[in-house]
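For the numbers below, each heavy atom of this structure counts, side chains included, while hydrogens, waters and symmetry mates do not. In the text below, chain A, chain B and the rest are named by the order of the sequence lines, each starting its count at 1. What you see is a predicted model, and the numbers here were worked out from it, not measured in a lab.
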There are 2 protein chains.
Amino acid sequence: MLSIGEFSKISHLTLKTLRYYDEIGLLKPAFTDAKSGYRYYNISQLETALLISRLKTYLFSLDEIKVILINWHDTDLFQVKMKTKQENLTQQITIYSSLLKKLELDIQLLEEEKNIMGYLDQIDIKLVDHLTFNILSQRKQINISDFLIHFNELFSKVVFEKLTPTAKPLAIFHSAEYVPENYDVEIAIPIVEAINETKVFNPGICAMATLIGSYDELPSIHTKLHAWIEENHYKLNGTPFEVYQTDPHTTLEEHNIIEIYFPIK
Amino acid sequence: MLSIGEFSKISHLTLKTLRYYDEIGLLKPAFTDAKSGYRYYNISQLETALLISRLKTYLFSLDEIKVILINWHDTDLFQVKMKTKQENLTQQITIYSSLLKKLELDIQLLEEEKNIMGYLDQIDIKLVDHLTFNILSQRKQINISDFLIHFNELFSKVVFEKLTPTAKPLAIFHSAEYVPENYDVEIAIPIVEAINETKVFNPGICAMATLIGSYDELPSIHTKLHAWIEENHYKLNGTPFEVYQTDPHTTLEEHNIIEIYFPIK
DNA sequence: TATAGAGTCTCCTGTTAGGGTAAGGTCAAT
DNA sequence: ATTGACCTTACCCTAACAGGAGACTCTATA
């Protein structure tokens, strides 16, 4: 039997950590003195401690580790979990690498004594008098990550009802605030026919900017548009909408072209 | 002036986030109605919000971002911080990559239906009757990461006092528990001369295992040694110590050879 | 056997960056 | 005047512990 201090010394887990693992039921001492509350571990528990430490380095959460320990006989489960972690780690590395690239671009800008927010000045804003469309649309509260799924629904409707698209698809944003899991959005396709499910979309005069690349730059575009509207003494007049010039199914994210429109007066 | 909801929609920061940033003083609304408590932002603050979001993706903490914003005129400071982050990210990526490699090795073991903790069985333990040494030593509470620094101090003492080393340097661990920042360790060098600063080190009979590679495997070695001592009905008799067979200054981490000794009876 | 000092106990608070929810006040349009 | 959308504060919750206080227990020595 090892006291908690001895166990700590051997396993290289701190006292705090061991007590915490006891509390959450991850690694309970083999024996706890009911009177004094002293914890006593046996030697074989050191191996469990080692396993926990190892899984921790692989970025498993303690909850995940607990599940693995409880089902330690189930090697298949363990293998699956390990492979999932492998994918997670690989993904993390790619994410970090692309972050690093962007960061290095910014550092380069700084070294050339340019403004790091300078890319904002390169966003070009045009005043357009948007056309009137006959649209087939669907307004829903959706999770932004399911965006494409809902669009596909609408696409299939166009096909099955044999309607004739007349311009690129668009999305109208009704959401008052930004909550990614619950976006109030109306997806629409301009079509030739006027059936009872279609309606007329006529935003009037608009400020427009073009987004090329990742959706992450959307707040920049919005910022720029708002600043422009204020500078030019216009006022927002209706809900913003976006027109998708490229097909997200076949276009790489960095080549996406999306036009952002703000109706103004 | 933008209400918090409008500002949220444009900046893609949630209401909670904006209120939190107000609370911690990272991004305070340009105007707060004293009566109603309503927050109002102006358009130019959108750009600050964008900057914050961007720095967040680079893994700056909100505290760090705050410092950057406060000293926004100080481009040198910003550049330094950015370069530090760049290093951090690069390091993270190398760490993750080496983790991934280890994880993949483990997965391979699993696929060969071997025990993932099997490496423990390959640790070889020998019973040795350790020699008696005359040692020059220094016992201190140190941070484990400063280990080498303290060793170098002792080395220089050997040189300046013109003493004659007679065996590899060693470290004796007195710490009762594991607290990396506060390790009670005695570093020592066996020498020929017996001066008044030296003492005799005579651990007696010991169980010994050899660690090759990273220090991370130390808990495994300790675990194995303790299990071995129990199995063979010995008892610990004194404080463990380590002998450094390779020079950490000139040896790659993965080629380090360290002998771990547990005095027993 | 008494005692000192090392070891251990529980309990409480703090950390990051907000999320969730409740109860209530405010704004703008009808 | 009312309604419904919008906004407010306040409280509790997250993961994986760290730090510290105050009290209890164990063990080695005198």
Side-chain angles (χ1 to χ4, degrees), chain A residues 1-9 11-29 31-41 49 52-53 55-67 141 143 174-182 184 235-236 239, chain B residues 1-9 11-29 31-41 49 52-53 55-66 141 143 174-182 184 236-239:
Chain A
M1 287 274 128
L2 300 166
S3 73
I4 193 169
E6 294 167 323
F7 195 84
S8 158
K9 207 162 98 176
S11 66
H12 282 203
L13 296 170
T14 68
L15 296 181
K16 282 282 176 193
T17 303
L18 287 173
R19 294 201 188 100
Y20 181 62
Y21 288 178
D22 181 7
E23 190 190 328
I24 64 170
L26 180 61
L27 180 60
K28 285 200 167 297
F31 167 70
T32 307
D33 188 320
K35 197 165 106 276
S36 68
Y38 274 38
R39 295 169 177 84
Y40 296 95
Y41 299 81
I52 292 173
S53 299
L55 294 181
K56 260 206 305 181
T57 65
Y58 295 155
L59 304 184
F60 281 96
S61 74
L62 297 188
D63 268 348
E64 291 173 311
I65 296 177
K66 205 167 153 185
V67 171
Q141 311 266 47
N143 186 317
H174 297 278
S175 256
E177 52 168 300
Y178 175 67
V179 182
E181 309 83 52
N182 196 11
D184 182 358
K235 287 222 157 189
L236 260 179
T239 48
Chain B
M1 288 273 127
L2 300 166
S3 72
I4 192 168
E6 294 167 323
F7 195 84
S8 158
K9 206 162 99 177
S11 65
H12 283 202
L13 296 169
T14 69
L15 297 180
K16 275 284 176 190
T17 303
L18 287 172
R19 294 202 188 102
Y20 181 62
Y21 288 178
D22 180 8
E23 188 190 329
I24 64 170
L26 179 61
L27 179 60
K28 285 199 168 299
F31 167 69
T32 307
D33 188 319
K35 196 165 106 281
S36 69
Y38 274 37
R39 295 169 177 83
Y40 297 95
Y41 299 82
I52 291 173
S53 299
L55 294 181
K56 260 206 306 182
T57 66
Y58 295 156
L59 306 184
F60 281 95
S61 74
L62 297 187
D63 266 349
E64 290 174 310
I65 296 177
K66 204 166 153 186
Q141 310 266 48
N143 186 318
H174 297 279
S175 256
E177 52 168 301
Y178 176 66
V179 183
E181 309 82 53
N182 197 10
D184 181 358
L236 260 178
N237 179 33
T239 48

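- Computed from coordinates, the A:Arg19 CZ to C:dT10 P distance equals 7 Å when rounded to whole Å.
- Using a 4.0 Å cut-off, some side-chain N or O of B:Arg39 falls inside it from OP1 or OP2 of D:dT9.
- A sub-4.0 Å separation between OP1 or OP2 of D:dT27 and a side-chain N or O of A:Ser3 is absent.
- Screening A:Thr32, A:Asp22, A:Asp33 for a side-chain hydrogen bond (donor to acceptor under 3.5 Å, both in side chains) with A:Arg39, the sole residue that qualifies is A:Asp22.
- Position along DNA chain C of the nearest nucleotide to B:Tyr20 versus A:Tyr38 favours A:Tyr38 as the more 5'-ward residue.
- Using a 4.0 Å cut-off, some side-chain N or O of B:Thr14 falls inside it from OP1 or OP2 of C:dG19.
- Contact annotation: B:Lys66 side-chain N/O to C:dA17 OP1/OP2 distance is not under 4.0 Å.
- If you measure from atom CE of B:Met1 to atom P of C:dC27, you get 15 Å, rounded to the nearest angstrom.
- Atoms NZ (B:Lys16) and P (C:dA17) sit 17 Å apart, rounded to a whole Å.
- Here the P atom of nucleotide D:dC17 and the CD1 atom of A:Ile24 are 8 Å apart, to the nearest Å.
- Nearest-nucleotide mapping onto DNA chain C: of B:Asp63 and B:Asp33, the residue sitting toward the 5' end is B:Asp63.
- Rounded to a whole Å, the CG atom of A:Leu15 is 12 Å from the P atom of D:dG19.
- Place A:Tyr21 and B:Ile4 on DNA chain D by their nearest nucleotides, and B:Ile4 ends up nearer the 5' end.
- Smallest separation of non-hydrogen atoms from A:Ala49 and A:Leu27: CB-CD2, 4.2 Å.
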